[in-house]
Amino acid sequence: MDLMRRLWYVWSWRLRYWWMDTRAGRQARIIVWCLGTLGTVLHLVRLVVVGILHPLPPDQPAKAITWWVAGLVLGIVMAAVAFFMRPKIEAPKPMQSTAPNTEDGLAVRDVFGTVWIDDQFVLAWKGMGTQKIKKKGGKK
């Protein structure tokens, strides 16, 4: 049982990765969305054509209404599936960084020639923030 649970976990995450994070998954989402939309349109067209070609039976109005309601419910479900399977575009998140630690009173080393430095040295750090490159109106 533990092996089956692990296999389910691994393959579900692999499928999720393929579906959400790869180019093939994006193409599959677009194809599923297109097929769902096409199925919804064809189903609604079929409902209209059947309604025009086959008039309502005068002696069985409840039966005719039942088929229309069932068809509309199926069309709504297919439209909902197509809506939820559409590709979603996420806005880019702003970059966040952490400033390295600097110590006061350290002197800058003079290095002459090619050498290998093992330790890290930060002389200064300035948080730049997020500003647009171009301002409204063209030039700065």
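As a basis for the values below, the full set of heavy atoms in this structure was taken, side chains included, without hydrogen atoms, waters or symmetry mates.
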How would you list, by chain and number, every residue that makes a side-chain contact (heavy atoms from CB on, under 4.5 Å) with [X], sequence neighbours excluded?
{"X": "Leu38", "value": "Leu42"}
{"X": "Arg23", "value": "Gln27"}
{"X": "Leu74", "value": "His43, Met78"}
{"X": "Ala91", "value": "none"}

Take Arg14 and Trp11 through the test side-chain contact (heavy atoms from CB on, under 4.5 Å) and record every step on the way to the result. CA-CA 5 Å; Arg14 286 183 181 178; Trp11 281 103; 3.5 Å; yes
Nearest-0.5 Å distance that lies between atom [atom1] in [X] and atom [atom2] in [Y]:
{"X": "Leu44", "Y": "Leu72", "atom1": "CG", "atom2": "CG", "value": "7.5 Å"}
{"X": "Met20", "Y": "Arg29", "atom1": "CE", "atom2": "CZ", "value": "6.0 Å"}
{"X": "Thr37", "Y": "Met85", "atom1": "OG1", "atom2": "CE", "value": "11.0 Å"}

Connecting only ILVMFWY residues whose side-chain heavy atoms lie within less than 4.5 Å of each other, what is the rest of Phe84's hydrophobic cluster?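 Via sub-4.5 Å side-chain contacts, Phe84 links to Phe83.
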Of all the heavy-atom pairs spanning Gly36 and Ala82, show the shortest one and how long it is.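 It is C-CB, 3.8 Å.
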Heavy-atom pair of closest approach, residues Ala28 and Trp19: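 Minimum heavy-atom contact is CB-CZ3, 3.9 Å.
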In a table with atom names and distances, give each donor-acceptor pair under 3.5 Å that connects a side chain of residues 1-9 to protein atoms at least two apart or in another chain.
none

Identify whether Val32 and Leu15 are in the same connected component of the hydrophobic contact network (ILVMFWY, side-chain heavy atoms under 4.5 Å).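 Yes; tracing contacts between hydrophobic side chains, which count when under 4.5 Å, links both residues.
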